[in-house]
Structure formats: structure tokens, C-alpha cells
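Remember, it's 1-based here, ligands and their atoms both numbered in the order they're listed.
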Amino acid sequence: MTFIVGLTGGIGSGKSAAATLFEQLGATVVDTDAIAHALTAPGGAAIVPIRAAFGDEVIDARGALDRAAMRRKVFADASAKARLEGILHPMIRAEADRRSAAARSAYVVLVVPLLVESGGYRSRVQRVAVVDCPEEMQVARVMARSVLSAEEARAIMAAQVDRQARLAVADDVIDNGGELAALRPQVEALHRRYIEMAAVS
Ligand code: ADP
């Protein structure tokens with residue numbers, strides 16, 4: 001059986017940065033956000049069922065999911081979010097399972113931004129690693145990397161579980177409250193442990 005480490009953390013905490021380091025060390029990284037994007041890109045497998053459920057108006061001229069149009073629908077009709085997730089989540093899980101099973105590395109890092117919130121992933125991973133930093137740092141990093149305002153960043157964070165709830169389910173905590181350079185030694189130490197754990201699992 002593949003040894004799977006669930007990697008999570010709030011928006012802007014540094015999940016992608018940590019995942020890149022794991023990948024450089026030789027771990028297979030399966031990113032559920034990347035899978036969601038591929039499924040909803042032009043020609044993606046989720047486009048046909050999404051079009052059938054919500055109509056042409058949520059598909060853009062390129063044939064991709066029109067996120068702004070979908071957001072407006074969800075805003076106007078709360079059940080639309082659950083219906084969209086009902087289409088996407090099983091497809092994301094199936095693709096994540098497929099990629100994890102195909103991995104040839106000692107272990108797999110499964111990046112799940114909402115691992116704590118979505119419950120279903122907890123039982124699919126052998127270990128939960130949380131990337132942690134102070135909430136104000138998350139806001140600053142999100143603002144620096146994107147066009148989101150502080151209010152928008154805080155609104156996204158408010159919809160996610162808080163720092164303590166995430167830390168409460170962590171088997172391993174990656175402290176990203178310092179310099180980016182401080183991530184590498186922590187990831188290297190975890191990489192060695194995960195190889196050992198995978199060997200005896
Ligand atoms: P996530 O994937 O959790 O949303 P990212 O890894 O994309 O977070 O990090 C958010 C932003 O902050 C990125 O632009 C990243 O380069 C930057 N960043 C991550 N960790 C640090 C750090 N320790 N110091 C400074 N910037 C960082």
C-alpha cells in the first residue's frame with residue numbers, strides 16, 4: 001500500500017513551497033487543487049457534467065469553467081455549491097487515488113488545502129502534516145502573491161478552520177513562520193522519517 005502524507009495548511013501558509021521541497025527530495029506530490037483545475041480546464045472531465053447541471057452560462061468561450069459566473073450562481077443559490085462539490089469532489093478523489101497508486105516513490109505527499117474541513121481525506125492518509133504560520137503572515141503573503149486585498153484574504157481564511165483546529169489534527173507541524181530557507185531542513189527531516197515509516201507500513 002502506498003504511504004500517503006496529507007499536507008495541509010491555510011491559504012498562504014506555504015503548502016506549495018513545502019510541496020516543492022518534498023518533490024525535489026524525490027517524493028511524488030499529488031495536488032488536489034491542480035487536479036481540480038485540470039478537471040475544469042477546457043476539455044476537462046468535469047466540464048460535461050457541470051454544463052449539464054448548471055447550463056452553458058458557467059462555461060466560458062474556451063470551454064473552461066467560468067469561475068466568476070459559478071461564484072455568482074453560488075451566491076444566488078446556496079445549494080449550487082453543494083451540487084458543484086457533489087460533481088467535483090468524487091472526481092478529484094478518484095484522480096488523486098489513481099495518481100497516488102501509480103507513484104513509484106517511497107511515499108506520496110497529497111496536498112489538500114481543506115483536509116481538516118473536508119473530513120473525507122483524513123481516512124485516506126497515513127499521516128497529516130500541517131504547514132503553520134501566524135495568520136497575519138498568511139494575509140501578507142497572499143496579498144504579496146496575488147491581486148487579493150487584505151479583506152478578501154481574511155474572508156477566505158474565515159471560511160477555513162482556524163489555526164488551532166488545524167494544529168489539533170497535525171501529526172507533524174512544519175513551522176513556516178520564519179524565512180523561506182528555514183523550510184528546507186524541516187522538510188528534509190520529515191522526508192527521512194516518512195521513508196522510514198513507509199518502509200515498515
Ligand atoms: P499556499 O500554497 O499554502 O497557499 P504558498 O506556498 O503559495 O502558500 O505561499 C504563499 C506565498 O508566500 C508565495 O508567494 C510564497 O512564495 C510565499 N512564501 C511562502 N513561504 C514564505 C516564507 N517563509 N517567507 C516569505 N515568503 C513565503
### Query
So which heavy atom in the protein is nearest atom 9 (O) of ligand 1, and how far is it from that ligand atom?
G14 CA, 3.9 Å
### Nearest-neighbour protein heavy atom for atom 20 (N) of ligand 1, which is reported as residue plus atom name and distance
N176 ND2, 2.9 Å
### Query
Is it the case that one hydrophobic cluster holds both I92 and M70, taking links as side-chain heavy atoms less than 4.5 Å apart, direct or via other members?
yes
### Task
Evaluate the 4.0 Å heavy atom contact test for atom 16 (O) of ligand 1: does a protein atom fall under the cut-off?
no
### Query
Hey, is G178 one of the residues with a heavy atom under 4.0 angstrom from ligand 1?
yes
## Note on the structure
ligand 1 atoms nearer than 4.0 angstrom to some heavy atom of K15 are 1 (P), 2 (O), 3 (O), 4 (O), 6 (O), 8 (O)
### Distance from atom 27 (C) of ligand 1 to nearest protein heavy atom, with residue and atom
R141 NE, 3.6 Å
### Message
So that I can tick it off, tell me whether K15 and D31 are bridged by a salt bridge, with the cut-off set at under 4.0 angstrom between side-chain N and carboxylate O.
### Response
no
### Message
What protein heavy atom lies closest to atom 6 (O) of ligand 1? Include the residue and the distance to one decimal.
### Response
A17 N, 3.0 Å
#### Entry: R154 and its side chain to side chain donor-acceptor pair (under 3.5 Å) partner, picked from E135, E136, Q138
E136
## Note on the structure
For atom 4 (O) of ligand 1, the closest protein heavy atom turns out to be G12 N, 2.9 Å
### Task
Mind running side chain to side chain contact (heavy atoms under 4.5 Å, CB included) on R51 and V48 for me, showing each step along the way?
CA-CA 5 Å; R51 191 196 296 272; V48 168; 5.9 Å; no
### Task
Could you tell me the residue and atom name of the protein heavy atom closest to atom 2 (O) of ligand 1, and the distance to it rounded to 0.1 Å?
S16 OG, 2.6 Å
### Task
Considering the heavy atoms of E179, write down every atom of ligand 1 situated less than 4.0 Å from one of them.
23 (N)
#### Entry: Protein heavy atom at shortest distance from atom 10 (C) of ligand 1
R145 NH1, 3.6 Å
### Message
Under 4.0 Å from a heavy atom of G10: which atoms of ligand 1 are those, numbered in the order shown and with their elements?
### Response
3 (O)
#### Entry: Side-chain donor-acceptor contact under 3.5 Å, T28 with R99
no
### Query
From atom 22 (C) of ligand 1, is the closest protein heavy-atom distance below 4.0 Å?
yes
### Task
Could you label the plane-to-plane angle of the Y107 and F22 rings as parallel, tilted or perpendicular, counting under 30° as parallel and over 60° as perpendicular?
perpendicular
### Query
Is there a salt bridge (charged side-chain N to carboxylate O under 4.0 Å, His left out) between R166 and D132 once you walk through the steps?
CA-CA 9 Å; R166 214 177 272 115; D132 179 63; over 6 Å; no
### Message
Less than 4.5 Å apart, side chain to side chain, heavy atoms only: is that true for D77 and R83?
### Response
yes
### Query
When you look at CZ of R67, are more than 12 heavy atoms from neighbouring residues, nucleotides or ligands closer to it than 6.0 Å?
yes
